[in-house]
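Proteins get letters first, then strands, A, B, ... in listed order; numbering begins at 1 in each.
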Number of protein chains: 2
Amino acid sequence: MSTARPPAGRAKAAPDKRRLILDAAVRVFARQGFHTCRVSDIADEAGVAYGLVYHYFGSKDEVLDTLFLERWNVMLELIREVDAEPLPVRDKLRAIASFIVDSYHHDPDLMKVIIVEVTRAANSFGDTHIGTIREAYDLIGGMIAKAQAEGVFKPEIEARFAAMAFYGAIEQLLTGWIFGLLPQGEEHFERAKWLVVETVCGGLETRPAGHAGAVSGPV
Amino acid sequence: MSTARPPAGRAKAAPDKRRLILDAAVRVFARQGFHTCRVSDIADEAGVAYGLVYHYFGSKDEVLDTLFLERWNVMLELIREVDAEPLPVRDKLRAIASFIVDSYHHDPDLMKVIIVEVTRAANSFGDTHIGTIREAYDLIGGMIAKAQAEGVFKPEIEARFAAMAFYGAIEQLLTGWIFGLLPQGEEHFERAKWLVVETVCGGLETRPAGHAGAVSGPV
DNA sequence: AGATGTTGACTGACCAGTCAATCTACTCGG
DNA sequence: CCGAGTAGATTGACTGGTCAGTCAACATCT
């Protein structure tokens, strides 16, 4: 049941096999998929004995759970921080899109695993973490609702729906990269962030005019 | 290898066990997920002997492949038809959104299976059908590119990206329904179609003004 | 009688999870 | 400073159960 068993006072040289296993699992899950890979694949990839995986994790599932929660909580944290600041919606959404795209840029395998095996897995893992996943959607929905209350966004579109569409658009861009359907690279990543925010905000904003200074593209 | 083995000249009373198995598979896949269910679950659900599944299909995989292709090809067909007609982009996209949402409305389980097990499964099935899946994205991308060429849509957003965002927004709405995160029902389905088109087109159109007659909502 | 449909017991492979043994690294009394 | 004691880390052979796919027999139709 325990999700992590940090060696606490460890700080010096130790190779931290737990981390090693987690990182290896990301690569293996990304390459073969959670259901198709064997626990021994993870152990091999980590250069570690089979049994050690079970020393640190209660089950194969727990390895994936850990990976997901580790990352998703970072995102939740960021969303909350952004939400707390007194920024225009557009900037808030922009920050979220940036975070997700940057996460992919930084570790494509991890994001692939999270999206494919958890976020979109309507059975097993998706169900298990639905509450945690939902938090993100709700937070975004809240931002949009607030913008509507302030008159920045049109009120006739349910905030929850808009939040899902926004998040879905981002995730699909990642999917496009994962499947090799969209061109990757720094430049395209920046462009994608801009596109998503521009599109969604453009469609939601009250005053369709006034793209002042934002029309020319990202960075 | 063969995907289907249609009984050809069949037309009369036969219970058409093949169809029975396919329909049962949809229910079982939707309920338990492809990887977690056993072939015997499908046979049981269909009220048919285990071996009969292998009489009609070469493998468990082939059952899913068949379900996916059957439906995806219908969608491809629709997109091509819509594309061929001389309609404004907005109407074309609207038709696509409608089709997908209606498909979910008509058979939620089937759409759930297709999305969760194929469309978004970056390994195995996703890879197998990537070409077919891509066709849909390309077709939509083409529509958007054309609209850009005509000056209806802004040219600075890559059409391919916009297509992915559009499709992703729709799929995420279905995901919201599948996970029980969004309210369902005729009314909400109609609203969702409108939202997606309104949002995406609103963000892509050249003249952000002129929502004439479309602002008040669907139907 | 031949073809096609239908049955379900069986097999062979595979793999998650267990466990007893071995190996560290560090503690502490002498 | 030493060496027995110990707790955690690490190993990999093994087990128990599961399940995709096979097949030989039986049924039904033409």
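- Distance OG1/A:Thr36 to CG/B:Asn123: 6.0 Å, rounded to 0.5 Å.
- For the pair A:Gly51 and A:Ser40, both in contact range of DNA chain C, the more 5′-proximal nearest nucleotide belongs to A:Ser40.
- Between the CD1 atom of B:Ile42 and the C1' atom of D:dC19 there is a distance of 12 Å, given to the nearest Å.
- Rounding to whole angstrom units, OH of residue A:Tyr50 and C1' of D:dC14 are separated by 11 Å.
- The nucleotide whose nearest atom lies closest to any side-chain atom of B:His55 is, among C:dG5, C:dG8, D:dA20, C:dG5.
- The interatomic distance linking A:Phe57 (CZ) with D:dA9 (C1') rounds to 14 Å, in whole Å.
- When the P atom of C:dC14 is taken as reference, atom CZ of A:Arg38 falls 8 Å away, rounded to whole Å.
- With distances taken from any side-chain atom of A:Lys60 to the nucleotides D:dG21, C:dT6, C:dG17, the minimum falls on C:dG17.
- Distance from the side chain of B:Ala49 is smallest for C:dT7 among the nucleotides C:dT7, D:dT11, C:dT6.
- Protein atom CG of A:Leu52 is 16 Å distant from nucleotide atom P of C:dG17, rounded to whole Å.
- In this structure, A:Asp41 contributes its side chain and A:Arg38 its backbone to a donor-acceptor pair below 3.5 Å.
- Taking OH of B:Tyr104 as the start and CD of B:Gln184 as the end, the distance is 3.5 Å to the nearest 0.5 Å.
- A straight line from OH of B:Tyr54 to P of C:dT11 spans 17 Å, rounded to a whole angstrom.
- Taking atom OH of residue A:Tyr56 and atom P of nucleotide D:dT10, one finds them 4 Å apart after rounding to whole Å.
- Relative ring orientation between A:Phe34 and A:Phe125 is described as perpendicular, the plane-to-plane angle rising above 60° on a 0-90° scale split at 30° and 60°.
- We find that CG of B:Asp16 is positioned 9 Å from P of C:dT6, with the value rounded to whole Å.
- Residue B:Lys17 places at least one side-chain N or O closer than 4.0 Å to OP1 or OP2 of C:dT6.
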